[in-house]
**Student:** 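This structure is in structure tokens; I'll ask about it shortly.
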Amino acid sequence: MEDFDRLYQAAYPKLLRTVYAVLGDHAAAEDCVQDAFVRAFKAWPRFRPERPPEAWLHQIAINGAISYRRHVRLRQVGELVRRLGRPGLEPDPSQALISGEVVAALGRLPVREAAAFVLRYYHGYNNREIAQATGVSERTVGARLAQARQRLVRDLGPAYGRLPTSPLPGVALGDGGDA
Amino acid sequence: MVEMPDRIAAGLTAELDAVLLVRPRAAQARYHLPPRAAGIGGLAMAGATAAVLVIAVSGFATVATGSANPQVWTGQLAAGMQRLQAPVPARSSPPGREQPAIPGAAATAANGGEGGKPEIRRPAPGPGGQPSADPADSPRPRPDPSAGHNEHRSSLSPSPRPSGQTELPTSSR
């Protein structure tokens with residue numbers, strides 16, 4: 001029990017940020033992460049340290065996020081049917097630089113692609129660690145990362161695309177771009 | 001291959017770092033809750049399932065019996081059970097006295113066997129010797145013309161003939 005409590009305190013922030021980036025909803029992310037720890041707690045006696053516990057927890061949390069997203073989509077379909085004929089609310093493309101856009105764009109990706117992206121570019125996992133966290137092969141991880149990058153660049157538009165010749169004001173860059 | 005812009009990674013880092021977290025305390029984690037809390041949801045689910053079943057059975061019984069009175073349901077159910085359990089009664093009427101299915105056959109049977117055996121309809125030959133092939137004619141049992149009955153039997157047939165033709169006696173025999 002104490003080991004699991006220590007694991008909870010260490011892994012909870014990382015899991016919460018990962019699931020929040022995937023779902024885009026803080027409350028839903030908390031709910032999913034708590035459910036993930038409940039499931040992990042039940043399976044804790046059977047846990048084998050063949051892979052890192054954080055990767056194991058991430059897999060449980062990501063599966064929970066997938067289930068949550070599925071339920072949300074079903075509810076959205078029902079709402080869409082009820083709103084037939086009424087104009088929908090389209091996102092304003094001029095708001096690309098407002099904070100939260102990246103998370104919002106990640107929320108539009110498939111959960112597994114978004115999770116792989118967050119694990120790589122936020123948590124710094126390599127392909128092997130991402131494969132352990134998502135339960136797939138490293139090759140699949142590479143394909144998912146490529147698809148996620150492509151979709152994000154397309155979705156976020158030119159503001160997040162290749163760097164222009166002159167840098168945009170107010171944006172801190174590393175070494176000057178990917179040109 | 002699409003190059004990953006640094007700006008997206010920087011934006012992601014900024015957004016996720018801005019997520020304010022209260023220091024997690026294991027004692028407040030959901031897995032520390034007593035199992036009773038999770039059981040409530042299970043009881044609620046069982047209750048909801050039972051309610052749905054009751055409603056479904058009531059609706060089915062109402063449609064089947066035509067009444068919303070549960071006493072009617074039980075009465076009909078009991079009657080149906082008795083019918084299933086009762087032995088099949090032997091036939092009291094002789095085979096030759098079977099109730100006919102259509103009025104026309106009843107009248108035919110009452111005539112003492114004239115045309116009692118339904119005759120296969122053949123197209124009657126027209127004036128030019130050509131058999132009439134009127135597609136509007138429906139195959140229906142007709143009395144044997146050789147018996148000499150030229151009665152118009154349209155009044156005995158269950159439905160009028162669409163072409164409105166009357167039967168012509170065939171005297172060619």
Side-chain angles (χ1 to χ4, degrees), chain A residues 1-2 4-13 16-18 20-21 26 29 31 33-35 37-42 44 97 99-106 117-118 120-122 145-154 156 159-163 168 171-179, chain B residues 1-68 70 73:
Chain A
M1 176 71 81
E2 289 180 359
F4 195 84
D5 288 344
R6 281 197 292 272
L7 178 63
Y8 173 82
Q9 289 179 337
Y12 181 86
L16 182 64
R17 290 193 167 100
T18 301
Y20 168 69
H26 197 277
D31 197 31
V33 171
Q34 288 292 339
D35 283 344
F37 274 104
V38 169
R39 287 193 291 272
F41 182 71
K42 290 179 183 176
W44 185 240
L97 290 179
S99 66
E101 262 319 292
V102 178
V103 170
L106 282 171
F117 187 89
V118 173
R120 163 61 67 82
Y121 293 103
Y122 183 73
L145 284 172
Q147 287 178 358
R149 285 192 293 263
Q150 191 173 8
R151 291 188 195 192
L152 283 173
V153 170
R154 188 172 61 231
L156 292 171
Y160 281 88
R162 289 186 174 275
L163 291 178
L168 295 177
V171 178
L173 297 177
D175 57 353
D178 57 349
Chain B
M1 181 174 154
V2 176
E3 291 295 330
M4 172 52 206
D6 291 336
R7 209 174 309 173
I8 295 182
L12 176 64
T13 301
E15 290 173 22
L16 292 185
D17 285 346
V19 174
L20 297 177
L21 291 177
V22 179
R23 185 182 176 192
R25 288 193 286 178
Q28 294 179 343
R30 192 174 295 177
Y31 64 87
H32 274 297
L33 288 177
R36 175 170 61 93
I40 291 176
L43 286 175
M45 183 63 70
T49 304
V52 167
L53 282 174
V54 168
I55 292 171
V57 168
S58 303
F60 176 75
T62 302
V63 170
T65 60
S67 170
W73 304 346

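The figures that follow rest on heavy atoms only: side chains count, while hydrogens, waters and symmetry mates do not. The model shown is predicted, which means the values in this text are computed figures rather than measured ones. A note on names: the letters A, B, ... follow the listed sequences, proteins ahead of strands, and every chain is numbered from 1.
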**Student:** Could you check if a side-chain atom of I8(B) sits within less than 4.5 angstrom of a side-chain atom of Y121(A), using non-hydrogen atoms only?
**Tutor:**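 A side-chain contact under 4.5 Å is absent here.
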**Student:** Write down the atom of R25(B), the atom of Q9(A), and the distance for their closest heavy-atom approach.
**Tutor:**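 So the two residues come closest at CA-NE2, 4.3 Å.
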**Student:** Would you indicate whether the side-chain heavy atoms of Q34(A) and Q28(B) approach each other to under 4.5 Å?
**Tutor:**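 With C-beta onward as the side chain, the pair stays apart.
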**Student:** Relative to chain B, which of D31(A), V118(A), L145(A) shows the most heavy atom pairs under 4.5 Å?
**Tutor:**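 Of the candidates given, the most pairs with chain B belong to D31(A).
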**Student:** Which pair of non-hydrogen atoms, one from R17(A) and one from V19(B), has the smallest distance, and what is that distance?
**Tutor:**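 Nearest heavy atoms, R17(A) then V19(B): NH2-O, 3.4 Å.
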**Student:** Return the option, out of F4(A), Y20(A), F41(A), Y122(A), with the maximum number of heavy-atom pairs under 4.5 Å with chain B.
**Tutor:**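 If we count pairs closer than 4.5 Å to chain B, Y122(A) comes out on top.
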**Student:** Do any pairs count as a side chain to side chain donor-acceptor pair (under 3.5 Å) and have a residue in residues 45-64 of chain B, sequence neighbours left out, and if so which ones?
**Tutor:**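 Counting only pairs at least two positions apart or across chains, no side chain to side chain donor-acceptor pair (under 3.5 Å) contact touches residues 45-64 of chain B.
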**Student:** What heavy-atom pair brings Y12(A) and P24(B) nearest, and what distance separates the two atoms?
**Tutor:**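 Looks like CD2-CB, 3.8 Å.
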**Student:** Below 4.5 Å from any heavy atom of chain A, which atoms of A29(B) appear? Answer side chain, backbone, both or neither.
**Tutor:**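 Both parts, heavy atoms under 4.5 Å.
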**Student:** Of all the heavy-atom pairs spanning A21(A) and L12(B), show the shortest one and how long it is.
**Tutor:**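 Between these two residues, the closest heavy atoms are CB-CD1, 4.5 Å.
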**Student:** Examine whether an atom of F37(A) lies under 4.5 Å from a heavy atom of chain B, and if so say whether it belongs to the side chain, the backbone or both; otherwise answer neither.
**Tutor:**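 Backbone plus side chain of F37(A), per the 4.5 Å heavy-atom cut-off to chain B.
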